[in-house]
**Q** 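Following this message is one structure expressed as structure tokens.
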Amino acid sequence: MLARALSRLSPTQAGPLALGILKLQDRPQALSTQAFAVLLQPLVCVLKATTQAPGPPGLPDGTASASVTVEALLSSRPACVALLCQTLAHLELLQPMPQRPAPWPQALLLGAAVTVLQLCSGSAAPASDVGGRLCVLLAGCVRVQRAALDFLGTLSQGTGPQELVTQVFAVLLAYLESPDSSPTVLKKAFQATLRWLLSLPKAPGCCDLDPDLQLFLRELLAVLQKRLCSPCWEVRDSGLEFLTQATRHWGGQAGFRHVLLASEVPALAEQLLRDPERYVRASAVTALGQLSGHGLHAAAAGPGLPGGQQRSPVQDLLHVLAADSEGFPRRAVMQVFTEWLRDGHAEVAEDTERFVARVLQVASRDLDWEVRAQALELALVFLAQTLSQPGSHCPYAVAPPEAAPPGWLAQALQALGRVRLFEFAFRALFDCDRPVAQKSCELLLFLRAKAGPCDSLQEAGSSPDVASVEAALQRWRVGEQDPPLGDLEPEAAMAVLRSLDLDGLRGTLAESSDHVEKSPQSLLQDVLASVGILGENEADCY
């Protein structure tokens, strides 16, 4: 029945059925061959229309006759676009599956994807009337371009003949260079290019990039340099995302560093911190985080600084955190700062306490709850680093771990006090946004578990004065905004910490907002209330 349905249905109807058959673990070989042939027929027709040979090499059995498919492709532009997009999407789903047909025609699919992209851009050479008709139908079709680029990126998981791989990079570079490429197509082209670059095999015994790859990267960065100056903000954003990923993967390799520093890309990325579009500023922050983390930051003279004084990456991002009016860039700054602290960024390591204190001071006044929550994550990283006992960080050492020096805990807690971490965490414990309070509760529980069992603080003096701290906590609990506590003694902070019922607070915070009444009616009321207040404040889905 399935075999007859595959032969009787139209190509558009038979495609989903063929994909369903090929997803089955146990299927008759003849039916599998027939289903795969049906799935490949549109691409085979495209290849035949653009080659002088009788047929592309490597065709599976059953794909030679495709008159019905040709008619479907040539009937109209909507029908042609729908059939090709469906075929490319089905093959993209099938490619990573373990039960996909074997042998997998990687070379045929690579050639077909490249040919489809060339037909859409007008660079293909049709070998027949069918090819000429396809050039007309697919010219400038963004929908097919997006589907073909997605499929081409998926094919990077396999291998192919070197001449086809060369064609892949050529068509990707052509799309990135073309002024006719739409922003969404450029984004897909950047993503596919990155996937193919990462899939290239490394030369044995060589830790640097291949010379041919360095040459391609030089051409690619020249294109990226232009795209970062595009008047379209989506294009600038896609370029920054590509730069971030490329730097993350190759920032430590000499070949990439040489090519990147020889271009103006780092300086342009830094200039985009002042872009009028918030998404671009956020992407510029992330890109700068990667560049600076690998020592590829292009330091620019800050405006108004005397003597051409150089502005550091930390200063640049602190300015964004304090002055940017939108939440996206400020959230990106906090994520970068947390990553820098965790990875030991050179500038951060010079004076970690000063860095953490400045960041917490700015973030504590931020109205965006995600910024405050990320600041607590940064505080947690600093807390873990500060409270790690000396000599206990290497579990594989032959010698027994060294004993912690006397008073190490008191010194560590004094460092926490100097950066005002206690006050920041206590204030956040009663934040009006529940995720911030939950994060603060986790941090204080971690601190209590690390420092609670130690008695070194009790030996330092008598009972500390905790009255001012407890009074401040009571005022914060009811929503009052008091001035800073000032220098908080570690003994007083730890005494207050032990007196708090953090476990009970964690349980309360873990309850859902409608824990009193969990019913469909309550959910419906929430939905109706959300719809009612939307008005002009529509959700931004980008």
Side-chain angles (χ1 to χ4, degrees), residues 176 183 186-195 197-198 209 217-218 220-253 255-300 302 310-321 323-324 326-343 345-348 359 370-371 374 378 542:
L176 292 173
L186 280 172
K187 185 180 183 71
K188 299 287 188 183
F190 273 124
Q191 292 171 345
T193 301
L194 182 67
R195 295 181 70 174
L197 288 172
L198 294 177
L209 300 180
L217 282 175
R218 188 173 291 109
L220 181 60
L221 288 178
V223 176
L224 179 61
Q225 191 169 299
K226 296 178 181 178
R227 292 303 185 184
L228 293 179
C229 301
S230 171
C232 180
W233 73 264
E234 293 95 339
V235 174
R236 300 194 300 274
D237 190 64
S238 298
L240 287 168
E241 290 177 355
F242 174 83
L243 175 63
T244 300
Q245 295 298 326
T247 306
R248 178 176 286 116
H249 286 96
W250 299 308
Q253 302 201 20
F256 177 79
R257 297 173 65 87
H258 175 73
V259 173
L260 182 63
L261 291 175
S263 70
E264 298 180 16
V265 168
L268 290 172
E270 183 178 352
Q271 291 175 16
L272 291 176
L273 290 174
R274 298 177 291 278
D275 194 272
E277 175 54 52
R278 55 181 173 170
Y279 297 115
V280 178
R281 296 198 300 275
S283 295
V285 166
T286 308
L288 183 61
Q290 284 297 321
L291 290 170
S292 181
H294 289 88
L296 296 169
H297 170 66
Q310 297 299 311
R311 199 170 189 166
S312 70
V314 170
Q315 290 174 321
D316 285 335
L317 296 193
L318 274 173
H319 177 73
V320 174
L321 181 62
D324 200 296
E326 297 287 347
F328 288 102
R330 302 199 307 273
R331 296 172 199 167
V333 169
M334 287 308 308
Q335 291 171 356
V336 168
F337 279 164
T338 305
E339 186 176 345
W340 281 359
L341 180 62
R342 185 181 290 116
D343 297 341
H345 185 275
E347 187 179 353
V348 172
V359 173
E370 292 190 45
V371 173
Q374 188 62 42
L378 179 140
Y542 176 75

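Since this is a predicted model, take the numbers as computed values, not measurements.
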**Q** Backbone N or O of His345 within a donor-acceptor pair of the Asp343 side chain at under 3.5 Å?
**A** no
**Q** Write down the atom of Leu296, the atom of Thr247, and the distance for their closest heavy-atom approach.
**A** CD1-CG2, 4.1 Å
**Q** Go through the steps to decide whether Arg278 and Asp324 satisfy the test side chain to side chain contact (heavy atoms under 4.5 Å, CB included), and finish with yes or no.
**A** CA-CA 9 Å; Arg278 55 181 173 170; Asp324 200 296; 5.7 Å; no
**Q** Would you confirm whether Ser230, through its side chain, and Lys226, through its main-chain N or O, come within 3.5 Å as a donor-acceptor pair?
**A** no
**Q** So for atom NE2, which belongs to His294, do other residues, nucleotides or ligands contribute more than 12 heavy atoms lying within a distance under 6.0 Å?
**A** yes
**Q** Hey, does Asp237 have a side-chain heavy atom less than 4.5 Å from the side chain of Ser283?
**A** yes
**Q** Taking Trp233 for the side chain and Tyr279 for the main chain, is one N or O donor matched with an acceptor at less than 3.5 Å?
**A** no
**Q** Are any side-chain N or O atoms of Arg227 and backbone N or O atoms of Leu176, one a donor and one an acceptor, separated by less than 3.5 Å?
**A** yes
**Q** Identify the heavy atoms of Pro266 and Leu291 that sit nearest to each other, and give their distance.
**A** CA-CD1, 4.2 Å
**Q** For Leu288, does its backbone N or O pair with a side-chain atom of Ser292 as donor and acceptor, under 3.5 Å?
**A** no
**Q** Determine the minimum heavy-atom distance between Leu198 and Trp250, stating which atoms define it.
**A** CD2-CZ2, 3.6 Å
**Q** Measuring from atom NE2 of His319 to atom CD of Gln315, what distance do you get when rounded to the nearest 0.5 angstrom?
**A** 11.5 Å
**Q** Enumerate the salt bridge (Lys or Arg N to Asp or Glu O under 4.0 Å) contacts for residues 327-341, please, sequence neighbours excluded, ordered by first and then second residue.
**A** Arg330-Asp366, Arg331-Asp368, Arg331-Glu370
**Q** Between Val333 and Val371, is a side chain to side chain contact (heavy atoms under 4.5 Å, CB included) present by the stated rule, with each step listed?
**A** CA-CA 9 Å; Val333 169; Val371 173; over 6 Å; no
**Q** State which residues pass side-chain hydrogen bond (donor to acceptor under 3.5 Å, both in side chains) with Thr338; sequence neighbours excluded, sorted by chain then number.
**A** Gln374
**Q** If you define the side chain from C-beta out and look only at heavy atoms, does anything of Leu318 sit under 4.5 Å from Val314?
**A** yes
**Q** Using the side-chain hydrogen bond (donor to acceptor under 3.5 Å, both in side chains) rule, take Thr244 and Gln290 through it: C-alpha gap first, then chi angles, then the decisive distance, then the call.
**A** CA-CA 6 Å; Thr244 300; Gln290 284 297 321; over 6 Å; no
**Q** From Leu378 CG over to Arg342 CZ, what is the distance, rounded to the nearest 0.5 angstrom?
**A** 9.0 Å
**Q** To the nearest 0.5 Å, tell me how far Leu228 CG sits from Asp275 CG.
**A** 10.0 Å
**Q** Heavy atoms only: give me the nearest Leu240-Val280 pair and the separation to one decimal.
**A** CD1-O, 3.6 Å
**Q** Got more than 12 heavy atoms from elsewhere within 6.0 Å of CD, Glu277?
**A** yes
**Q** Working to the nearest 0.5 Å, report the span between CG of Leu273 and CD of Glu270.
**A** 6.5 Å
**Q** Any donor-acceptor pair under 3.5 Å linking the side chain of Arg236 with the backbone of Cys229?
**A** no
**Q** Any idea which heavy atoms bring Trp340 and Leu317 closest together, and the distance?
**A** CH2-CD1, 3.7 Å
**Q** State, yes or no, whether a side-chain contact exists between Val285 and Gln335 at a heavy-atom distance under 4.5 Å.
**A** no
**Q** Roughly how far apart are Gln225 CD and Leu220 CG, rounded to 0.5 Å?
**A** 11.5 Å
**Q** To the nearest 0.5 Å, tell me how far Arg195 CZ sits from Gln245 CD.
**A** 12.0 Å
**Q** Given 3.5 Å as the limit, does a donor-acceptor pair link the side chain of Ser263 with the main chain of Leu260, or not?
**A** yes
**Q** So, does Arg281 use its side chain to make a donor-acceptor pair with the main chain of Pro329 at under 3.5 Å?
**A** no
**Q** Please check: side-chain N/O of Arg257 versus main-chain N/O of Gly251, any donor-acceptor pairing under 3.5 Å?
**A** yes
**Q** Passes side chain to side chain contact (heavy atoms under 4.5 Å, CB included), Phe242 versus Leu197? Steps please.
**A** CA-CA 12 Å; Phe242 174 83; Leu197 288 172; 4.3 Å; yes
**Q** Any idea which heavy atoms bring Val336 and Gly289 closest together, and the distance?
**A** CG1-CA, 3.6 Å
